[in-house]
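Right, one structure below, let's go through it.
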Amino acid sequence: MRSLIDILELSVEELDELIALAEDIIANPAKYQESCRHKKLATLFFEPSTRTRLSFEAAMYELGGDVLSMSSAGSSSAAKGESVADTAKTVSCYADIIAMRHPKEGAPMVAAMNAGIPVINAGDGGHNHPTQTLADLLTIWREKGKFTGLTIGLCGDLKFGRTVHSLIAAMARYTGNRFVLISPEELKLPSYVKKDILEKNGIEYIQTTDLEKALPELDILYMTRVQRERFFNEEDYLRLKDSYILTPEKLKKGRADLSILHPLPRVNEISVGVDADPRAVYFKQVLNGKYMRMALILKLLEVEV
Ligand code: NCD
């Protein structure tokens, strides 16, 4: 039995298999519509979510399975002081697989150690978000047709943005990728990600505060929101929240084959005027997330189709 807590638990070969499976689901949805019949997914979300929770639930329904949903910490026994371990043991009496989001880093791992059924990390604090990375990878694959030799700009809140940490870990395993880390000084990539992932693997990267200067060389621009809920004070958030706003005007400096990704939700960092640009693929990325979650559920439940 396997869980997914960190994207690096999946080998490069397994990522290829998940992408191939997602492509097959896209091409032949009817083939999969009964494959999780009588299986139940529990979504345990102790933090707000729209896409991640609903895409997990849509994924399970499209596989013919059922869903048990807990959409806020306040509505569960966590509000009475129940531990993550006890919640996990309890939910495993009802469900076959769990997707958990939690504000505490490592909480899904604690759940996985106690559940007795597979647990998927659907975002833990400012740490990791492996299934967003699956969505990002399918999007990069479909837009670029490769995972190698890419110049990848990541812009915004690189400190607290868990999707950034997981995506860097995943893309650092392929050859020839360069990272351009664009953020305000206060929101730079944590040094553990720089040391343990980029420097350890001899990956080329630069850090800059200047989005417009970086734009012309990028194959991929991954925009992120400033993570308000992780700030210690509102003043800092207000000062930093509009550090970067991508507009059609600025995008004139971007290459014709640039792909613009964003895990969403967007606050102010991409103006809606950009949405009509064919290089903006963040809503395709949303749909890709559902297909990759379908593929992941099939893999972790060991369902053969
Ligand atoms: C992201 C998250 O929760 O980390 N959202 C998502 O799952 N697509 C990004 C964010 O909240 O900014």
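Both counts, for ligands and for their atoms, begin at 1 and track the order of listing.
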Identify all pairs of nitrogen or oxygen atoms, one from ligand 1 and one from the protein, separated by less than 3.5 Å, and list them with distances.
{"unit_1": "ligand 1", "atom_1": "3 (O)", "unit_2": "Arg101", "atom_2": "NH1", "d": "3.4"}
{"unit_1": "ligand 1", "atom_1": "3 (O)", "unit_2": "Arg101", "atom_2": "NH2", "d": "3.1"}
{"unit_1": "ligand 1", "atom_1": "3 (O)", "unit_2": "Arg162", "atom_2": "NH2", "d": "2.9"}
{"unit_1": "ligand 1", "atom_1": "4 (O)", "unit_2": "Arg162", "atom_2": "NE", "d": "2.8"}
{"unit_1": "ligand 1", "atom_1": "5 (N)", "unit_2": "Leu264", "atom_2": "O", "d": "2.9"}
{"unit_1": "ligand 1", "atom_1": "7 (O)", "unit_2": "Thr52", "atom_2": "OG1", "d": "2.8"}
{"unit_1": "ligand 1", "atom_1": "7 (O)", "unit_2": "Arg101", "atom_2": "NH2", "d": "3.0"}
{"unit_1": "ligand 1", "atom_1": "7 (O)", "unit_2": "His129", "atom_2": "NE2", "d": "2.7"}
{"unit_1": "ligand 1", "atom_1": "8 (N)", "unit_2": "Gln132", "atom_2": "OE1", "d": "3.1"}
{"unit_1": "ligand 1", "atom_1": "8 (N)", "unit_2": "Pro263", "atom_2": "O", "d": "2.9"}
{"unit_1": "ligand 1", "atom_1": "8 (N)", "unit_2": "Leu264", "atom_2": "O", "d": "3.0"}
{"unit_1": "ligand 1", "atom_1": "11 (O)", "unit_2": "Arg225", "atom_2": "NE", "d": "3.4"}
{"unit_1": "ligand 1", "atom_1": "11 (O)", "unit_2": "Arg225", "atom_2": "NH2", "d": "2.8"}
{"unit_1": "ligand 1", "atom_1": "12 (O)", "unit_2": "Arg225", "atom_2": "NE", "d": "2.8"}
{"unit_1": "ligand 1", "atom_1": "12 (O)", "unit_2": "Arg225", "atom_2": "NH2", "d": "3.3"}
{"unit_1": "ligand 1", "atom_1": "12 (O)", "unit_2": "Gln227", "atom_2": "NE2", "d": "2.8"}

Exercise: do Ser69 and Thr43 side chains pair donor with acceptor under 3.5 Å: yes
Row check, Phe56 ring normal vs Arg293 NZ/CZ: under 6.0 Å, within 45°: yes
Are [X] and [Y] within salt-bridge range, i.e. N to O under 4.0 Å?
X: Lys284; Y: Glu143; answer: yes
X: Glu217; Y: Arg255; answer: no
X: Arg2; Y: Glu9; answer: no

Whether over 12 other heavy atoms sit under 6.0 Å from Phe232 CZ: no
